[in-house]
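Report on one structure; see the data block that follows.
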Amino acid sequence: MELEKAYEPQRFESRWAQWWVETGIFHADPKAPGPRFSLAVPPPNVTGSLHIGHMLEHSVIDAAIRWRRMSGDNTLFLPGVDHAGIATQLLVERSLAAEGVTREQLGRAEFEKRVWQWKDKYGHRITEQMKRIGDSCDWSRERFTLSPELSRAVLEAFVRLYERGLIYRGTYMVNWCPTCHTALSDLEVKHEDTQGTLWHIRYPLKDGSRHLVVATTRPETMLGDTALAVNPSDDRYRDLTGKTAVLPLMNREIPVIFDELADPKFGTGVVKLTPAHDPNDLEAGKRHKLPHIKVISENGRMTDAAGPYAGLDRFVARRQIIGDLEKLELIEKIEPYALAISKCDRCGTVVEPLVSTQWFVKTKPLAAKVLEAVHSGRIVFEPENWNKTFFNWMENIRDWCISRQLWWGHRIPAWHCKDCQEITVAREAPSKCSHCGSARVEQDPDVLDTWFSSGLWPFSTLGWPDDTEDLRTYYPTSLLITGYDILFFWAARMMMLGLELMGDVPFRQVHLHTLVRDPYRQKMSKTKGNVVDPLDINEKFGTDAVRLALMMAAAPGTDITYSEDRLAAARQFANKMWNAARLILMNMEASGIAPSLPEAGTAETLEDRWIFSRLNRTAESVNRALAQHRYHEVGELLWQFFWHDFCDWYLEIKKLRLAPGSGLTNDWRNLLGVFSAYLRMQHPIMPFITEELWHRFGQTQSIALAAYPQPGATDAAAEHEMALMQEMITAARKLRADHGLDKKLVLEGVLFCRNGATNVELSVIEKLATVKLDIRTGAAPELQGAVRSTPEFDLVLHLPEVDLDVQRGRLTKEIEQLEKLIADKDRQLSNEKFLSGAPAQVVESLRSKRAEYVAQLEKSRTAFSSLQ
RNA sequence: GGGCGCGUAGCUCAGUUGGUUAGAGCACCUCGUUUACACCGAGGGGGUCCGGGGUUCGAGUCCCUGCGCGCCCACCA
């Protein structure tokens with residue numbers, strides 16, 4: 001049964017994807033033998049769809065898992081999805097908006113019902129896509145952060161942390177998004193450098209003696225000013241003790257106070273204090289017991305306290321205030337000013353700092369445990385250059401605001417008493433207040449930050465808080481593979497919560513992969529319209545080719561720039577695999593062998609000794625690169641081995657040996673043994689084509705369950721002999737190409753060999769280079785005609801017509817190169833410091849290298865003069 | 001204001017601990033379709049490794065510095 005002529009992945013990929021799921025071969029068994037290797041997938045948004053970043057991430061994760069599984073580990077690849085609180089809620093709200101409905105109009109219960117409907121509708125898309133791209137997950141263990149089981153884990157985690165004093169409720173200044181209408185954690189706020197404006201505003205003193213000039217970037221907040229401050233060491237303002245200023249526009253009297261907050265070097269050295277709208281001012285306000293006047297509300301509009309500006313959007317109010325101040329001639333100066341503006345990560349709205357009562361996680365004690373775990377090596381970053389960034393963040397961590405004023409998420413398990421105002425935190429809804437016994441208790445309306453539940457992922461997915469066999473077997477997980485963009489959001493939180501609640505690290509190793517950018521190095525985003533749908537390119541190039549291309553591009557350090565050229569190259573590689581298999585199968589049929597992959601026999605020929613050596617060397621490098629998460633190296637090693645060793649040389653030589661009707665000869669066994677090993681080695685990167693070919697060669701079990709090739713003995717002598725033979729063949733081809741001779745014309749000549757070079761197999765050289773050679777030992781007595789020389793042999797071809805100009809050109813270039821190299825070596829070898837300082841080995845190799853060049857130079861010169 | 005990273009062939013990038021003539025893929029040039037693959041084969045051209053110092057017998061690789069670019073963190077007006 002012959003293979004189709006070309007690699008057409010569409011013909012078989014979805015079939016294998018389905019087969020892998022249906023046969024359940026990736027089902028994890030805690031009782032199975034072998035070292036345990038477990039990994040929980042970074043849960044994608046339940047309503048999301050696969051993007052190119054996922055494609056890279058899943059290629060890498062799946063390769064890691066498949067490699068460990070084939071290496072004999074008891075593996076668990078746990079899949080699942082995240083409810084993605086704010087993202088999903090916004091999505092559904094947007095769809096409601098299209099119907100002309102707001103969530104408030106629907107009410108909480110009805111809205112939640114709508115989101116669940118949405119989840120049911122789109123929630124399977126991403127997991128179906130994961131199956132389609134070949135993720136070798138245990139689908140029986142699929143998890144969802146908002147499922148009843150995981151919700152129980154969230155509840156338990158919250159209560160335990162609360163009981164340990166690690167969760168508290170308090171009133172602080174938080175980041176507030178007026179559009180999403182919720183508090184945000186610090187991480188959900190993006191700082192964007194912007195060219196803003198600094199307005200210098202005059203605040204008259206009450207006594208009319210003078211005015212103070214205050215600089216601000218946010219004039220609208222002045223309506224809430226409750227003081228002006230100057231630095232106590234600032235000589236310019238010593239006389240202001242006890243003075244009062246009049247707040248323009250509001251005509252409110254505000255005191256002038258002395259506080260270190262005011263920097264004498266900034267502007268005029270006078271700063272306005274708005275405790276309700278600025279974190280620094282809030283602190284200063286506390287120190288001086290200043291009143292808070294909230295002039296901006298949760299929806300971004302001015303409050304009643306803003307007097308004539310009440311009800312205006314905060315930015316509209318700003319413009320009006322500037323206009324009004326100008327009319328009053330209270331603007332002293334307007335200058336451009338560079339500042340970082342804070343925006344909501346989700347919707348891009350400018351975040352408003354507001355004082356608000358929220359729930360927080362006390363992070364310092366948790367971070368201490370994490371720092372200890374990383375410092376002691378219980379968690380290892382790979383690549384390790386993230387250590388410093390990570391430590392810096394962990395060491396300066398601030399408390400984590402975990403309450404969100406949303407409706408989609410885990411409801412906070414706290415009940416407020418309407419009588420005594422106290423809070424009861426409990427695992428189940430209490431019938432009465434635990435403080436006063438009142439039955440008038442009501443659950444806190446807020447939900448938890450979506451990252452709170454994701455932070456429990458490595459153990460909540462394994463059955464925690466119950467003591468399950470899965471949890472005992474697979475926790476801590478072995479490896480976390482994720483993008484560096486969610487290092488703090490997710491990885492750091494898992495570490496904190498895992499160490500606190502499980503008493504052990506959530507994973508032993510963290511591999512941070514790179515991000516995929518568009519061809520112009522821009523981040524891919526839907527709004528920019530530069531996203532690439534991986535399903536489209538999988539269809540076009542083949543999923544295996546996309547996996548290979550992405551992994552080969554993903555060298556740690558820099559982000560990947562997306563390029564179709566790479567994908568096309570990878571597809572061509574897959575096509576090469578396909579056609580090599582086709583060649584082998586065709587010849588098997590001719591030799592009377594049924595498709596099969598027998599064990600390799602013993603190496604008898606040079607090419608067998610050589611390919612075994614190369615295979616073992618490649619297996620060694622590939623296993624090491626996989627262990628170090630150097631996936632681009634894995635791809636490159638396998639590419640080189642397969643295309644340039646196996647196809648270009650090994651198969652070409654074997655083609656000369658295989659005879660029709662021969663049956664299963666030793667040549668065949670060796671060829672098939674190497675091919676089988678290659679398929680298995682390539683499988684973690686390219687699961688589909690390898691599975692397809694595996695079966696085309698008569699296998700019935702999945703290749704995913706076959707053994708991963710382990711390194712074996714190498715054969716330096718065989719590699720040297722093979723290299724020599726390749727040089728001889730190449731030399732002949734070069735001579736032919738130099739003279740523009742027909743490929744079919746058999747050229748006659750003499751091969752002069754020295755030393756060990758004599759036992760080359762002449763017939764192989766003759767066939768692969770289309771030559772007819774006499775072979776002699778020793779150096780050529782004279783070098784006439786078309787010659788190519790190396791230290792170990794001289795090849796002289798009798799050409800029908802030697803183009804002397806071509807020969808001279810080639811030789812002149814060679815001679816120049818050699819002279820330069822020799823001069824280079826001479827310079828070093830005449831350097832006393834080098835001779836005394838460098839290791840003997842280095843000096844020796846330099847000497848012998850020089851001797852080789854000199855010998856070769858002699859040859860070239862002789863050949864050149866023989867042309868005269 | 002801190003921190004990280006990048007600058008190597010026309011393009012996209014490799015280049016673990018400093019040590020043969022710095023590599024790959026794509027693109028380019030020449031030749032080649034009789035038996036796996038034109039998604040191919042054979043051969044070839046192409047690089048002052050961003051600039052400047054330094055350490056060293058020896059630097060693409062280590063140190064300092066300048067230029068250019070990117071990212072992350074950060075409550076100063």
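Note: hydrogens, waters and symmetry copies are ignored here, and every other heavy atom, side chains too, is used. Each chain gets a letter, A, B and so on, in the order the sequences are listed, and its residues count up from 1.
- Going from the P atom of B:G23 to that of B:C69 covers 32 Å, rounded to whole Å.
- Separating the C1' atom of B:A27 from that of B:U65 is a span of 37 Å, rounded to the nearest Å.
- Comparing A:Asn385 and A:Leu846 by the nucleotide of RNA chain B whose heavy atom lies nearest to each, the residue mapping closer to the 5' end is A:Asn385.
- Taking atom CD1 of residue A:Ile560 and atom P of nucleotide B:G5, one finds them 19 Å apart after rounding to whole Å.
- In this structure, the NZ atom of A:Lys849 is 16 Å from the P atom of B:G19, given to the nearest Å.
- At least one side-chain heavy atom of A:Met551 sits under 4.5 Å from a side-chain heavy atom of A:Ile685.
- The separation between A:His739 atom NE2 and B:A42 atom C1' is 16 Å, rounded to whole Å.
- As the counterpart of B:C6, B:G68 is assigned, both hydrogen-bonding distances of the Watson-Crick or G-U wobble pattern falling under 3.5 Å.
- Atom NE2 of A:His277 and atom P of B:C76 are 19 Å apart (whole Å).
- For the C1' atoms, the distance linking B:G60 with B:G7 amounts to 12 Å, nearest Å.
- The residue A:Ser563 sits apart from the nucleic acid: no heavy atom pair falls under 4.0 Å.
- Across all strands shown, A:Thr217 has heavy atoms under 4.0 Å from sugar-phosphate atoms exclusively, and none from any base.
- Residues A:Tyr484 and A:His511 keep their aromatic ring centres 6.0 Å or farther apart.
- Taking the six-membered ring for Trp, A:Phe381 and A:Trp386 have ring centres at least 6.0 Å apart.
- The P atoms of B:G44 and B:G53 are separated by 37 Å, rounded to the nearest whole Å.
- Closest to the side chain of A:Asn280, out of B:C39, B:C75, B:G43, is B:C75.
- At a threshold of 4.5 Å between non-hydrogen side-chain atoms, the residues A:Leu261 and A:Arg287 count as touching.
- Across the strands present, B:A36 finds no partner; the criterion is a Watson-Crick or G-U wobble pair with both atom distances under 3.5 angstrom.
- The line from CD1 of A:Ile254 to OH of A:Tyr203 is 6.0 Å long, rounded to the nearest 0.5 Å.
- B:G41 is paired with B:C31 under the Watson-Crick or G-U wobble criterion, all donor-acceptor distances under 3.5 Å.
- Side-chain N/O atoms of A:Glu727 and A:Thr730 include no donor and acceptor closer than 3.5 Å.
- Spacing between B:C11 and B:G52 at atom C1', rounded to whole Å, works out to 29 Å.
- Within the nucleic acid shown, A:Ser342 has no heavy atom closer than 4.0 Å to any nucleic acid atom.
- Nucleic acid contact class of A:Pro839 (heavy atoms, under 4.0 Å, all strands): base.
- When the P atom is used for both B:U16 and B:C63, the distance is 14 Å, rounded to whole Å.
- Between the CD atom of A:Gln726 and the C1' atom of B:G43 there is a distance of 16 Å, rounded to whole Å.
- Ring-plane geometry between A:Phe360 and A:Tyr172 is classed as perpendicular, the angle between the planes exceeding 60 degrees on a 0 to 90 degree scale with a lower cut at 30.
- Here B:G5 presents its P atom at 11 Å from CD of A:Glu384, a figure rounded to the nearest Å.
- Nucleotides B:G19 and B:G58 have their C1' atoms positioned 7 Å apart, rounded to a whole Å.
- Looking at heavy-atom distances under 4.0 Å, A:Arg733 makes contact with sugar-phosphate atoms alone, never a base.
- At whole-Å resolution of the value, CD1 in A:Ile822 and C1' in B:U20 are 14 Å apart.
- Shown are A:Thr561, A:Val532, A:Ile52; of these, the side chain to side chain contact (heavy atoms under 4.5 Å, CB included) with A:Val516 is made only by A:Ile52.
- Proximity of a side-chain donor or acceptor of A:His739 to a complementary backbone N or O of A:Leu735 within less than 3.5 Å is detected.
- Taking atom P on both B:U34 and B:U12, the two are 39 Å apart, rounded to the nearest angstrom.
- Computed from coordinates, the A:Phe573 CZ to B:C40 P distance equals 12 Å when rounded to whole Å.
- When each of A:Pro279 and A:Lys734 is assigned the nucleotide of RNA chain B bearing its nearest heavy atom, the one mapping closer to the 5' terminus is A:Lys734.
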### Query
Base, backbone or nothing for each nucleotide of nucleotides 23-38 of chain B, written B, S, -, heavy atoms under 4.0 angstrom, 5' to 3'?
--SS---------BB-

#### Entry: Verdict with reasoning, A:Glu352 to A:Arg218, per salt bridge (Lys or Arg N to Asp or Glu O under 4.0 Å)
CA-CA 11 Å; A:Glu352 191 64 42; A:Arg218 303 197 53 201; 2.8 Å; yes

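- Nucleotide B:C75 is matched to nothing when pairs are restricted to Watson-Crick or G-U wobble geometry with both distances under 3.5 angstrom.
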Under 3.5 Å, N/O pairs linking protein and nucleotides 67-74 of chain B:
unit_1: B:C72; atom_1: OP1; unit_2: A:Lys523; atom_2: NZ; d: 3.3

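- With contacts defined as side-chain heavy-atom distances shorter than 4.5 Å, the pair A:Leu548/A:Trp639 qualifies.
- If you check B:U16 for Watson-Crick or wobble pairing at under 3.5 angstrom, you find it has no partner at all.
- In the set B:A14, B:A42, B:C57, the nucleotide with an atom closest to the side chain of A:Ala555 is B:A14.
- Nucleic acid contact class of A:Arg218 (heavy atoms, under 4.0 Å, all strands): none.
- Using a 4.0 Å heavy-atom cutoff across all strands shown, A:Ala570 reaches no nucleic acid atom at all.
- Searching all strands for a Watson-Crick or G-U wobble partner of B:A22 with both distances below 3.5 Å returns nothing.
- When ring centroids are compared, A:Tyr237 and A:Phe258 stay outside the 6.0 Å threshold.
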